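Numbered from 1 within each chain, the chains take letters A, B, ... in sequence-line order. Remember, predicted model here, so these are calculated numbers, not experimental data.
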Amino acid sequence: MSVRTLSVEAVSKVGAEVTIKGWVNARRNMGKIVFLDIRDRAGTIQTVGVPSQMTPESVERLKEVRLEWVLELKGAVQERGAKQKNPNSPTGAVELLIKELKVLAKAEPLPLDLEDEKIGLGIHLDYLPITLRSEKYRALFKIQAEIVRGFRDYLNAQGFTEIQAPKIVAAAAEGGADVFEVKYLKNKATLAQSPQFYKQIMVGVFERVFAVGNCFRAEQHATTRHLNEFTGLDLEFGMIEDHHDVMNLETELLRHILNHLDKTVSSELKLWSYIRPELPEKIPYFKLREVQELIKKETGVDHTNEPDLEPGEEKWLGNYVQEKHHSDFVFITHYPTAKRPMYTYPDEADPEFTKSFDLLFRGVEITSGGQRFNDYNQLVQSMKNKGLNPEDFKFYLESFQYGMPPEGGLGLGLERLTARLLGVDNVKEATLFPRDLNRIDLQLSPPEYKQ
RNA sequence: GGGUCGGUAGAUCAACUUGGUUAGAUCGUCUCCCUGUCACGGAGAAGGUUGCGGGUUCGAGUCCCGUCCGACCCGCCA
C-alpha cells in the first residue's frame, strides 16, 4: 500500500504499513537513532530511523542523508509516546518508523538557510529555485494562486467569460513608448502592456469578459512596486451606467477574494503579517481634486494643479481613510482627461476630467479602471485630440463601428495586491520570477562573470 | 533616466569614525560523541585576493578616484 500524500488524514492511520516519498526538511541525528522530517506537497511528517528496525542497506543510506534529499521511505505509522507528541505540527501525534529507505535524489549542501528571515532580497532572488521551497514562500504563492482562483470564481458566477488575450500585439499601443519591440515580426509588433484593446473588443462578443495574463512594461524603473513583467487581472463588461458600476463590482469582487482566502489558506496567511483588510460596504471615493484640496487643508502642501497624486500622498491618503472611514481601500476618480488614455470617458458635467478611477490599497495603487468610450465617433475624435492616427487603430475600431454598448472595466495588479495583503515590502518578493532591469533569473552581470 | 545609501567567509553581520602585527562572531558545512529529538545537544576543524582596477602612504578592509553590482527614493504606472 502506498500513501501518496502526507496530509493529516493520510498519515494518521496508526499501524498502517505505508510508503511515502518526499524531501528531507530537517534531520536530527541522535547517534543511534535519526529523525528525518519529510515534506511533500501536502505537509510534513516526522520519521524515525532505528537501526534494529531497518534493513542493513537502509542503515548505511540513512547515515548519508542530508537536507533536501528526496527519499522513498517504507515503514509503519506509529503513535508517539505522550511526552513525544508535538502539538505544533498537524502530524505531531504520529511518526513513521522506517523499515526501508531508498534515495530518489541527492542534494548538494544548501548555499543558505531556507527558513532564514534575514536573507537579502538579491540573494533570495538569485537562489529562487530553492528559496521558493521554504515554508513562507510556499505559503505566499499558494495564497497568490487562491487570489487568482477567487477572482475567476467570482467573475464566472457573475456571467463573465474568461478570454486569452494575445501578448504579441500591433505596435500602435495605448500609451506609446513603454513597450518592448518584437523585431522578429515584419510588421512592427510589441509585447502587450495590457489586454485593454482585446478585452474591449470581446465585450462586443460576450458582453462580460475577464483575462488573467502577463503584461509587459519597458520602463527603466527601480522601485519596490514596479516590474517589467507583471500579472494583470483584467475585466471588462457592457451595459453599465457609469464608472460606479465598475467600482461596485470591484468592491464585491475583493470581498469574495478575501472570504475565499479565509476559507482556503488561513494557515498560510498566519505565516505572514496578514491583517485582514477592512472593506466597508461601500469603499470611500473622492475626486482627485477633492483629495488634493484635502491634502492642502490637512498638510498645507498645495498640489491642487497636479495631474496625479505622488506616492507619498497616496500613503498619506491610505492612512487617512483608514482612520476616518475604517477602510484599507479608497477610490480616486476624475483624473484629468489630458492624462488618461484616449479610450477614457470624460465626465459630461466637467469634460476636463474623466469617469475613471484608481483604487489605492494601503497607500499603493493596485487598480486603474473606468468607463470607456463606446461611441465610434467620440472615440475617433478622442484619438485625434491625443495626436493619434485612427488609421493605426482600424482593427480595434471595428468593434465600435458595429454596436458597442456603454462599457467599462479595470485592471488589477496581482503582485501588488499580494504584497500589500501580506505586508511584503517589495513587490518582487511577491512575484514568482520577477523581471527587472538587472535581473532575469540571475543578475545579468554578476561580478564573477566580468571580463 | 535623476538621486541616496551600500558591497567584508556559503548566509547574516562586526572591525571603518581615529589607517597599524595573525580581519572576528553567529548560523550553515565537514569530522567525532550521543536511543526521543522536533531550530536537538556536546567537542573540534575547514572556510576570506575585504566586488574589481588604480592612487595616496613606511603601511589600506579602513582615505581618494574610476568601474561593476545591489537596495531604496523620484519620474511613470498595475
Side-chain angles (χ1 to χ4, degrees), chain A residues 25-37 44-53 66-67 80-89 91-92 95 97 108-127 131 174-178 193-194 196 214-234 307-312 314 335 339-341 358-361 364-369 410-420 425-428 431 436-439 442-451:
Chain A
N25 207 52
R27 167 179 170 269
R28 293 178 292 279
N29 187 344
M30 313 305 295
K32 288 282 185 295
I33 74 167
V34 177
F35 295 99
L36 299 177
D37 291 347
T44 63
I45 187 175
Q46 170 167 291
T47 67
V48 55
V50 180
S52 62
Q53 306 296 311
R66 292 295 182 272
L67 291 180
R80 299 197 204 176
K83 284 181 186 168
Q84 296 154 6
K85 292 193 198 304
N86 183 351
N88 299 320
S89 165
T91 58
E95 66 189 0
L97 180 65
E108 292 178 27
L110 295 168
L112 36 71
D113 179 356
L114 293 188
E115 306 301 338
D116 186 350
E117 307 256 329
K118 290 183 182 158
I119 300 289
L121 181 60
I123 297 290
H124 166 73
L125 296 177
D126 280 347
Y127 288 108
T131 52
E174 309 161 45
D178 56 349
Q193 58 176 317
S194 85
Q196 184 64 31
N214 302 20
C215 303
F216 302 91
R217 303 282 163 94
E219 287 159 358
Q220 309 251 349
H221 36 43
T223 75
T224 50
R225 59 190 185 285
H226 286 93
L227 297 161
N228 287 305
E229 179 178 13
F230 67 93
T231 308
L233 303 178
D234 271 89
D308 200 351
L309 295 180
E310 294 176 358
E314 293 183 344
Y335 286 88
K339 278 290 286 183
R340 285 272 160 159
D358 280 1
L359 177 65
L360 306 188
F361 173 37
V364 172
E365 178 182 339
I366 61 164
T367 286
S368 269
L410 60 85
L412 177 62
L414 175 63
E415 294 85 357
R416 281 192 184 180
L417 173 62
T418 311
R420 289 295 81 220
D425 289 329
N426 193 319
V427 73
K428 288 174 202 167
T431 307
D436 68 28
L437 270 183
N438 300 310
R439 188 188 305 278
L442 268 182
Q443 291 171 223
L444 292 184
S445 312
E448 59 266 36
Y449 297 155
K450 252 188 353 181
Q451 289 160 5

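- An aromatic stack links A:Phe230 and the base of B:A78, using centre distance under 5.5 Å and interplanar angle under 30°.
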Distance-only check: which donor-acceptor pairs under 3.5 Å involve side-chain atoms of residues 109-116 of chain A, not counting sequence neighbours?
from, atom 1, to, atom 2, distance (Å)
A:Asp113, OD1, A:Glu115, N, 3.1
A:Glu115, OE2, A:Glu135, N, 3.2
A:Asp116, OD1, A:Lys118, N, 2.9

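- In the set B:A78, B:C76, B:U35, the nucleotide with an atom closest to the side chain of A:Arg225 is B:C76.
- With both ends at atom P, the span from B:U4 to B:C52 equals 25 Å, rounded to whole Å.
- Taking only side-chain atoms of A:Ala222, from C-beta outward, the nucleotide of B:C76, B:C72, B:A71 with the closest atom is B:C72.
- Comparing the same atom, P, in B:C13 and in B:G19 gives a spacing of 26 Å after rounding to whole Å.
- The same atom, C1', is picked in B:G20 and in B:G59; the two are 7 Å apart, to the nearest Å.
- Contact annotation: side chain of A:Glu219 to base of B:G1, donor-acceptor pair absent below 3.5 Å.
- A:Glu415 and A:Thr231 share a side-chain donor-acceptor pair at under 3.5 Å.
- Within 4.0 Å (heavy atoms only), A:Gln53 reaches no atom of the nucleic acid at all.
- On the C1' atoms, B:C68 is 8 Å away from B:G51, given to the nearest whole Å.
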For A:Glu95 and A:Lys85: C-alpha separation, side-chain torsions, deciding distance, then whether side chain to side chain contact (heavy atoms under 4.5 Å, CB included) applies.
CA-CA 9 Å; A:Glu95 66 189 0; A:Lys85 292 193 198 304; over 6 Å; no
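- The listed nucleotides are B:A71, B:C74, B:U31; the one nearest the side chain of A:Arg66 is B:U31.
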Can you build the contact string for nucleotides 38-49 of chain B? Use B for base contact, S for sugar-phosphate-only contact, and - for no protein heavy atom under 4.0 Å.
B-B---------
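- Minimum atom distance to the side chain of A:Phe35 is reached by B:U37, of the listed B:C30, B:U37, B:A78.
- When every heavy atom of A:Ile119 is checked against every heavy atom of A:His124, the shortest pair comes out as CG2-N, 3.7 Å.
- Rounded to whole Å, the separation between the P atoms of B:C69 and B:A60 comes to 28 Å.
- At a cut-off of 3.5 angstrom, counting only N and O atoms as typed in the model, there is no donor on one side facing an acceptor on the other between the side-chain of A:His221 and the base of B:C76.
- Among the heavy atoms of the strands lying under 4.0 Å from A:Thr224 are primed sugar atoms or P, OP1, OP2 only; no base atom is included.
- Using atom C1' as the reference point in both B:G66 and B:U29, the two lie 38 Å apart (nearest Å).
- Among the protein residues, A:Leu227 comes within range of the nucleic acid bases, having at least one heavy atom under 4.0 Å from a base atom.
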